[in-house]
Amino acid sequence: MKCALITGGSRGIGRAVCIRLAEQGYHILINYRGNTAAAEETLAAVKEKGADGTLLQFDVGNADEVQQVLGEWIAANKDKQIEVLVNNAGIREDMMMFQMSHKQWKSVIEASLDGFFHVTRQVLTGMLLKRYGRIINMVSLSGLKGTPGQTNYSAAKAGLIGATKALAQEVAKRNVTVNAVAPGFIKTDMTEGLPEKELSAMVPMQRFGTAEEVAEAVVFLASKGASYITGEVLNINGGLYS
Ligand code: NAP
């Protein structure tokens with residue numbers, strides 16, 4: 001059985017990715033941190049597409065939890081192959097640098113950057129042995145241009161872009177591709193409360209993007225057709241920055 005693991009699959013962009021990959025016939029492994037009700041809604045949406053899925057609750061930033069839940073799932077399901085990994089889990093804790101607490105710095109780095117390391121390390125060996133894999137990392141415009149008030153988030157996403165490019169070169173020979181997707185302003189819980197009208201005026205397309213528009217790009221990079229694209233960062237920002 002071919003599986004796709006999406007971290008942070010319970011809501012927002014992650015949920016949209018789960019639904020689109022379900023349409024491709026994958027068994028969907030839906031990771032989330034705490035919101036079981038939302039994760040169950042994603043699973044129901046996956047089932048509506050005629051696919052099936054499994055909920056895997058763990059904090060991607062916690063190495064022990066990742067080992068306990070994901071590591072044990074992989075050990076117990078040797079007949080199943082994780083072919084697609086979408087490292088999507090992420091949080092923001094915005095604060096001007098001079099006022100930022102150590103906790104605000106650390107929690108954001110842990111979710112995006114440490115999370116990538118913990119989860120990918122579990123999945124990578126299987127992909128290398130099968131000589132096939134698609135890894136897509138959710139980064140951000142902030143990781144490319146830097147965003148004031150987000151030194152923690154910009155650092156986490158810029159770090160993840162570097163890791164994407166390095167790992168892409170490590171595993172290319174084995175037909176494992178590693179790419180990143182960099183959204184601008186996307187309408188999800190994460191951007192709730194932002195002044196959408198004001199910010200949209202800065203975007204050439206004059207609007208926020210949707211989770212579905214990001215999922216479309218992820219599905220392309222996860223497809224067999226994207227076989228010669230690796231180490232790339234794909235911007236999805238309505239023309240805001242490139
Ligand atoms: P969201 O609606 O806030 O959803 C976040 C998801 O990540 C939830 O499923 C949440 O699980 C999960 N999550 C958070 N921390 C986690 C952890 N430590 N371990 C496991 N799961 C965790 O966010 P979103 O807007 O869809 O963002 C998804 C990704 O896109 C993030 O990496 C974000 O940085 C990136 N991004 C978003 C935008 C945007 O404008 N929205 C722009 C650029 C990049 P629970 O439901 O259990 O809390």
Side-chain angles (χ1 to χ4, degrees), residues 5-20 28-43 45 55-66 68-70 85-94 103 106-120 122 136-147 150 152-161 163-164 180-196 199-200 202-203 207-215 217-218 233-238 240-241:
L5 168 61
I6 297 92
T7 70
S10 49
R11 291 182 286 126
I13 294 170
R15 175 184 287 177
V17 171
C18 288
I19 294 169
R20 285 293 280 112
I28 307 296
L29 302 175
I30 304 162
N31 158 256
Y32 67 106
R33 184 177 47 182
N35 197 336
T36 305
E40 279 168 354
E41 277 178 36
T42 302
L43 181 58
L55 300 186
L56 293 177
Q57 182 177 9
F58 57 85
D59 176 348
V60 295
N62 182 321
D64 293 340
E65 266 186 42
V66 176
Q68 265 165 30
V69 181
L70 179 59
L85 166 61
V86 185
N87 285 303
N88 164 78
I91 56 167
R92 65 181 183 93
E93 283 275 353
D94 300 351
K103 189 164 172 277
K106 216 165 165 276
S107 60
V108 171
I109 304 275
E110 278 173 358
S112 273
L113 193 53
D114 295 354
F116 153 80
F117 177 70
H118 299 146
V119 174
T120 306
Q122 295 285 345
I136 296 111
N137 298 323
M138 198 56 65
V139 297
S140 169
L141 171 71
S142 302
L144 289 161
K145 75 170 273 294
T147 301
Q150 291 194 320
N152 50 359
Y153 188 81
S154 301
K157 297 301 192 183
L160 189 47
I161 289 171
T164 300
V181 162
F185 293 115
I186 308 299
K187 257 178 107 78
T188 67
D189 293 348
M190 186 176 271
T191 49
E192 184 104 352
L194 293 183
E196 185 176 340
L199 294 171
S200 292
M202 292 161 39
V203 181
R207 65 173 178 88
F208 279 18
T210 65
E212 290 72 23
E213 286 173 312
V214 180
V218 174
V233 183
L234 181 54
N235 287 297
I236 307 177
N237 59 30
L240 187 56
Y241 182 83

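Not measured: the values here are computed from a predicted model. Counting convention: from 1, in listed order, for ligands and their atoms alike.
Atom 13 (N) of ligand 1 has A89 CB, 4.0 Å as its closest protein atom, hydrogens excluded (heavy atom only). Protein heavy atom at the shortest distance from atom 25 (O) of ligand 1 is T188 OG1, 2.5 Å. Among all non-hydrogen protein atoms, the one lying nearest atom 26 (O) of ligand 1 is I13 N, 2.8 Å.
Within the structure, the closest approach of K157 to ligand 1 falls below 4.0 Å when heavy atoms are considered. Residue contact annotation: T7 has no non-hydrogen atom under 4.0 Å from ligand 1. Within the structure, ligand 1 lacks G115 among the residues with a heavy atom less than 4.0 angstrom away. In this structure, T36 falls outside the shell of residues with a heavy atom less than 4.0 angstrom from ligand 1. Heavy-atom distances between G184 and ligand 1 reach below 4.0 Å in at least one pair. F208 does not count as a contact of ligand 1, since none of its heavy atoms falls under 4.0 Å from the ligand.
No donor-acceptor pair closer than 3.5 Å links the side chain of E65 to the backbone N or O of F58. The closest donor-acceptor contact from the side chain of T42 to the backbone of S10 lies under 3.5 Å. In this structure, the side chain of N235 does not engage the main chain of N237 through any donor-acceptor pair within 3.5 Å. With hydrogens and angles disregarded, a donor-acceptor distance shorter than 3.5 Å links the side chain of K157 to the backbone of M138. In this structure a side-chain-to-backbone donor-acceptor pair under 3.5 Å is missing from T7 to N31. A distance-only check finds a donor-acceptor pair linking the side chain of R15 to the backbone of A38 [under 3.5 Å].
Using a 4.0 Å cut-off to heavy atoms of D189, the atoms of ligand 1 that qualify are 2 (O). Taking every heavy atom of I91 and a limit of under 4.0 angstrom, the matching atoms of ligand 1 come to 14 (C), 15 (N). Every atom of ligand 1 with a heavy atom of P183 under 4.0 Å away is listed here by number and element: 42 (C), 43 (C), 44 (C). Listed by number with element, the atoms of ligand 1 under 4.0 Å from a non-hydrogen atom of N31 are 20 (C), 21 (N). For ligand 1, the atoms lying closer than 4.0 Å to a non-hydrogen atom of M138 are 29 (C), 30 (O), 35 (C). Ligand 1 places these atoms under 4.0 Å from at least one heavy atom of D59: 17 (C), 18 (N), 19 (N). Annotation for ligand 1: atoms under 4.0 Å from non-hydrogen atoms of N88 are 28 (C), 29 (C), 30 (O), 31 (C), 32 (O). Near N35, meaning under 4.0 Å from any of its heavy atoms, are these atoms of ligand 1: 45 (P), 46 (O), 47 (O).
Between E196 and K187 there is a salt bridge, since a side-chain N of the basic residue sits under 4.0 Å from a carboxylate O of the acidic one.
In T191, the part holding a heavy atom less than 4.0 Å from any atom of ligand 1 is the side chain. Contact annotation for S10 and ligand 1: heavy atoms of both the backbone and the side chain come within less than 4.0 Å of the ligand.
On a distance-only criterion, G8 and ligand 1 share at least one N/O pair closer than 3.5 Å. For a threshold of 3.5 Å applied to N or O pairs, the pair formed by S112 and ligand 1 contains no separation below that value. Remark: ligand 1 and G34 share an N or O pair separated by less than 3.5 Å (distance only, no angle test).
Distances from atom 20 (C) of ligand 1 to the heavy atoms of F185, F116, F58, Y153 show the closest one on F58. Counting only non-hydrogen atoms, the option in A37, G90, G14 that gets closest to atom 5 (C) of ligand 1 is G90.
Residues R207 and E213 come closest through the heavy atom pair NH2-OE2, 2.8 Å. In plain terms, the two heavy atoms of A158 and G143 that are nearest each other are CB-O, 3.4 Å.
Counting only N and O atoms by type, the side chains of Q150 and S142 include a donor and acceptor under 3.5 Å apart. Using modelled atom types, one finds a donor on one side chain and an acceptor on the other under 3.5 Å when comparing T164 with N137.
When each of L234, L144, L160, N87 is tested with V139 by the rule side-chain contact (heavy atoms from CB on, under 4.5 Å), just one qualifies, namely L160.
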Check the pair T120, L85 against side chain to side chain contact (heavy atoms under 4.5 Å, CB included), reporting the backbone distance first and the verdict last. CA-CA 8 Å; T120 306; L85 166 61; 3.6 Å; yes

Checking I136 against V17 for the side chain to side chain contact (heavy atoms under 4.5 Å, CB included) test, could you report, in this order, the C-alpha distance in whole Å, the side-chain angles of both residues, the deciding distance, and whether it holds? CA-CA 11 Å; I136 296 111; V17 171; over 6 Å; no

